[in-house]
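So the structure is just underneath, and the comments pick up after that.
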Amino acid sequence: MKIPIIIDTDPGIDDAIAILMAFAAKNIDIKAITTVVGNVELEKTTVNALKLVEFSGLDIKVARGSEKHIRREHFSAEWYHGVSGLGNLKFPDPKMKVYEKNAYDTIYEEACKCKGKLKLVCLAPLTNIASTILIYPDIVNKIDSIVLMGGAINGGNDTPAAEFNMYADPEAARIVFNSKIPVTMVGLDVTNRALLYKNEIEEIDKANNKMAKLVAKIATRIYENCAKFNVEGAAMHDPFAMGYVIDSSIMKYKSFHVDVEASSELTRGKTIVDVNNLLNKPTNVNVGVDLDRDAFVSMLKELFI
Ligand code: BDR
Ligand code: CA
């Protein structure tokens with residue numbers, strides 16, 4: 001049976017590769033894509049999602065979500081993702097229209113239809129998911145699990161303490177982590193090591209199909225971004241999280257108690273992972289701790305070449 005998922009996303013160059021992976025994966029059934037403010041403004045992330053769906057020729061609904069975070073002002077990551085959010089890629093203006101229902105109603109509706117089997121694959125600040133939980137508290141018993149890209153046991157990429165998706169909306173992250181929904185956190189501890197090397201990008205580019213060419217173009221932009229931080233390889237943050245959904249054998253996790261800092265400015269959005277069980281609280285999150293990079297890269301090649 002295919003895995004029914006909703007992709008909650010803010011495309012976003014690495015989101016785009018993750019979405020293309022889900023399009024190509026034979027074991028994934030995308031029920032909807034829900035968009036949120038994040039890397040760029042909501043209008044842009046929504047148009048970008050529509051462009052990607054139209055590019056694929058698939059019939060997948062795109063539902064618009066939050067244009068504001070729960071409490072924090074939006075700041076964009078244009079320096080990384082480009083002004084449009086999709087680097088300097090050019091797509092025709094999408095003809096497809098956004099789904100008539102908003103993201104929260106769509107998530108709830110699909111959760112009910114899937115009878116407990118729906119997985120939420122969250123590649124962005126958790127604003128939509130937290131809002132859905134606030135509007136429909138019973139959703140916590142209606143979905144299978146959440147796999148999210150975000151957080152880290154150690155360090156950050158937006159501030160020294162915090163990863164971007166957690167920093168952008170820490171209040172939303174707290175609601176999600178404390179919701180009792182089973183959560184798997186695919187954080188920087190693994191995604192910073194999910195690097196795609198130059199020769200691997202070139203190999204994908206050589207494939208004679210439009211999907212592979214697009215993936216290679218986007219990966220090249222990510223590669224250039226990473227080079228600015230002296231990292232030799234394109235960090236596949238969102239794609240690795242999607243890869244885990246497609247084949248869970250590529251990542252090892254451990255279960256810990258996790259919460260998110262939302263009071264301090266200095267450590268805003270830091271995921272507090274109780275690796276030594278000092279708080280003696282029940283575990284609530286499966287935290288990615290190790291990965292099989294080669295298996296992930298093989299997956300990318302199988303999907304696109
Ligand atoms: C995350 O932040 C965003 O900029 C990326 O799309 C990814 O979801 C990585 O920290
Ligand atoms: Ca993202």
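None of the values given here were measured: they were computed from a predicted structure. Atoms within a ligand are numbered from 1 in the order they appear, just like the ligands themselves.
- Under the 4.5 Å side-chain heavy-atom criterion for grouping Ile, Leu, Val, Met, Phe, Trp and Tyr, Val186 is not connected to Ile153 through any hydrophobic cluster.
- Taking distance alone, with nitrogen or oxygen atoms compared against 3.5 Å, Leu188 stays at or beyond that limit from ligand 1.
- Tyr253 is not listed as a side-chain neighbour of Met185, based on a closest heavy-atom distance of 4.5 Å or more.
- Within the 3.5 Å criterion, the main-chain N or O of Phe177 finds a donor-acceptor partner in the side chain of Asn284.
- Considering only heavy atoms from C-beta on, Tyr80 comes within 4.5 Å of Ile222 through its side chain.
- Only protein N, O or S atoms were scored, and 5 of them lie under 3.0 Å from the Ca ion (ligand 2).
- Looking at heavy atoms from C-beta onward, Val37 lies out of side-chain contact with Pro125 at the 4.5 angstrom threshold.
- Proximity of Phe91 to Leu214: side-chain heavy atoms (C-beta onward) are separated by under 4.5 Å at one or more points.
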Go through Asp14 and His237 one step at a time and tell me if the side chain to side chain donor-acceptor pair (under 3.5 Å) criterion holds. CA-CA 7 Å; Asp14 63 326; His237 298 297; 5.5 Å; no

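- Not one N or O on the side chain of Ser248 forms a donor-acceptor pair closer than 3.5 Å with the backbone of Tyr244.
- Of the protein's non-hydrogen atoms, the one nearest atom 8 (O) of ligand 1 is Asp238 OD1, 2.7 Å.
- Heavy-atom contacts of His237 reach the following atoms of ligand 1: 9 (C) (cutoff under 4.0 Å).
- Residue contact check: Asn157 has heavy atoms under 4.0 Å from atoms 9 (C), 10 (O) of ligand 1.
- Of the protein's non-hydrogen atoms, Asp14 OD1, 3.2 Å is the one closest to atom 5 (C) of ligand 1.
- The nearest protein atom to atom 10 (O) of ligand 1, hydrogens excluded, is given as Glu163 OE2, 2.4 Å; this is a heavy-atom distance.
- Given atom 4 (O) of ligand 1, the protein heavy atom at minimum distance is Asn39 OD1, 2.7 Å.
- For atom 2 (O) of ligand 1, the closest heavy atom belonging to the protein is Phe164 CD2, 3.4 Å.
- Those atoms of ligand 1 that come under 4.0 Å of a heavy atom in Asp15, given as number and element, are 6 (O).
- For Arg221, the salt bridge (Lys or Arg N to Asp or Glu O under 4.0 Å) test picks out no residue, with sequence neighbours left out.
- The aromatic rings of Phe164 and Phe75 lie perpendicular to each other, with more than 60° between the two planes, well past the 30° mark.
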